[in-house]
2 protein chains.
Amino acid sequence: MALKNIPDIVVGRLPLYLRALQRMHDANQTVTSSQDLAARLGISAAQIRKDLSQFGEFGKQGTGYDIEYLMNQLSQILKVNRVWDIAVVGAGDIGSAVARYQGFTDRGYRITMIFDSNPNKIGTKVGSFVVQDAAHMVAAIQKAGVKVAMIAVPAANAQAVADELVKAGVQAILNYAPLSINVPEGVRVQHADPVTLLQRMTYYLD
Amino acid sequence: MALKNIPDIVVGRLPLYLRALQRMHDANQTVTSSQDLAARLGISAAQIRKDLSQFGEFGKQGTGYDIEYLMNQLSQILKVNRVWDIAVVGAGDIGSAVARYQGFTDRGYRITMIFDSNPNKIGTKVGSFVVQDAAHMVAAIQKAGVKVAMIAVPAANAQAVADELVKAGVQAILNYAPLSINVPEGVRVQHADPVTLLQRMTYYLD
DNA sequence: TAGATTGTTAATCGATTAACAATC
DNA sequence: TAGATTGTTAATCGATTAACAATC
């Protein structure tokens, strides 16, 4: 499916398109246009058309895009027409919240395990999961073949956890810890530290 | 302080520099260089120097940057040499987690209020806060002069909440709801939906 | 058909990188 | 001094936009 070399910045916009289409679908809308999407997303219509055209011809001149069809195509492209299992590391406030979060359903993901190294937390329940001992993490992830993980441990431990996840075969890491983690070529990382997003905004305030 | 028109993409990297400096400072490192930062961040040394040079001359040829000094400068530029109060809307899993999160301390932010519209939640405690009735939100935010807020409500209510926050005078919104919200010119929004970050990674997996 | 909107091209705009003189 | 690293310039690279023929 991934034909040409698509710029990562384009890949990063596809989830926004898919999300907007899902909202339109929720509202029983059946067709949309690049202009309609543009108005909702604050992205130019030309850019949306250009981005989509990298992957195929999904629209019809004069009428635009069929929402269900485009959702299906984008889901396929983003590989979320299946369900990816996720391992969560860290059963603190953030780890517990994502483990209980209902928002992954129908968007391609499902939490299946949560780990912590604190003996007081191991064995307790978080949502519907029993917190497992981080000492068994690598083996458990390997055995289950999990490829996606979230790091929600303190900054001081995050790089060590990332190293273990890589060793266990994880290929995509969402990192909530407040530092940049380094991983080998071929492993993907996205940073989700809320403070960097806040700082990016307060720059503009007085 | 904001002299020239700095590209937003540059502004967005400053928090990453500040965060890396804080980690180095934690490790008792006192000086760094653009190369040292580059290796940790996966950003080129030339770009780091160029970004910083937009705001002043912070380094010394031959030796690099004094970490404490550069931290102070970046804190000032990002306006986090003060503490911004934050209102959280939504006392579900995500809202409760951020309200309890300890990671804002010393990075320029402090949660001061949390709202929900569910009568079963109003009056209960989340961390050290009592959940307030969302019906009084606009008045409470106005009275306190809060300028920064986080949205952690279901998608269906997020735009209405954003409209209220804007009415209350909020100028920066961190949005955890899974949709793009629209705000007037002059109000900043950052999106923190974890699923869009995950989808951006699974595209590359097989 | 007439109106609307796509997919795509070429032009513009902006961001990144390489290189190096200045200098600590 | 010699070595290292900055700040900055010019060149390169890449992304966005405007425009329009094609066509539903």
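Quick note on labels: first sequence line is chain A, next is B, and so on, each numbered from 1.
Shown for residues 33-44 of chain A: residues whose heavy atoms fall under 4.0 angstrom of DNA chain D, namely A:S44. Less than 4.0 Å separates DNA chain C from no heavy atom of any residue of residues 17-30 of chain A.
Of the possible polar contacts, none joining the B:K147 side chain to the B:V170 backbone as a donor-acceptor pair under 3.5 Å is found. B:W84 places a side-chain N or O within donor-acceptor distance of the main-chain N or O of B:K79, the cut-off being under 3.5 Å. In this structure, B:S96 contributes its side chain and B:D93 its backbone to no donor-acceptor pair below 3.5 Å.
For A:Y65 and C:dG7, the shortest distance from a side-chain N or O to OP1 or OP2 is below 4.0 Å.
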Next item on the list: Start with the C-alpha distance between A:D66 and A:F58, add both sets of side-chain angles, then the distance that settles side-chain contact (heavy atoms from CB on, under 4.5 Å), and finish with yes or no.
Entry: CA-CA 8 Å; A:D66 179 88; A:F58 304 127; over 6 Å; no
Margin query: Evaluate B:D36 against B:Q29 for side-chain hydrogen bond (donor to acceptor under 3.5 Å, both in side chains), listing each step before the verdict.
Written below: CA-CA 11 Å; B:D36 183 17; B:Q29 196 177 332; 2.7 Å; yes
Checklist line | Base-pairing string, 5' to 3', of DNA chain D - Watson-Crick or wobble, under 3.5 Å, | interstrand | finding: ..||||||||||||||||||||||
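Checked by atom type, the side-chain pair A:S34/A:R49 shows a donor-acceptor distance below 3.5 Å. If you check the side chains of B:D8 and A:Y204, you find a donor sitting under 3.5 Å from an acceptor. Of the N and O atoms on the side chains of A:Q159 and A:D163, at least one donor lies less than 3.5 Å from an acceptor on the other residue. Using modelled atom types, one finds no donor on one side chain facing an acceptor on the other under 3.5 Å when comparing A:D193 with A:Y176.
Spacing between atom CD1 of A:I6 and atom P of D:dA15 amounts to 11 Å, rounded to whole angstrom units. What separates CD1 of B:I48 from C1' of C:dA18 is a distance of 16 Å, to the nearest Å. If you take CZ of B:F58 and P of D:dT6, they are 14 Å apart, rounded to a whole angstrom. Between the CD atom of A:Q47 and the P atom of C:dT5 there is a distance of 20 Å, given to the nearest Å.
No more than 12 heavy-atom neighbours from other residues, nucleotides or ligands sit within 6.0 angstrom of CD on A:Q35. Summarising the local packing, CD of A:E68 is surrounded by 12 or fewer heavy atoms from other residues, nucleotides or ligands at distances under 6.0 Å. Remark: B:D106 CG is loosely packed, at most 12 non-hydrogen atoms of other residues, nucleotides or ligands lying under 6.0 Å away.
For A:K60 and A:Y65, the positive end is not near the middle of the six-membered ring at less than 6.0 Å and at most 45° from its axis.
Residue A:H191 holds its NE2 atom at 4.5 Å from CG of A:N175, rounded to the nearest 0.5 Å.
Shown here are the side chain to side chain donor-acceptor pair (under 3.5 Å) partners of A:Y109, two or more places apart in sequence or in another chain: B:T202.
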Pairs: protein N or O with nucleotides 8-10 of chain C N or O, under 3.5 Å:
none

Check nucleotides 22-24 of chain D against the protein and report each pair of N or O atoms closer than 3.5 Å, with its distance, or say if there are none.
unit_1, atom_1, unit_2, atom_2, d
D:dT23, O4', A:Q61, NE2, 3.3
D:dC24, O4', A:Q61, O, 3.4
D:dC24, O2, A:Q61, O, 3.2

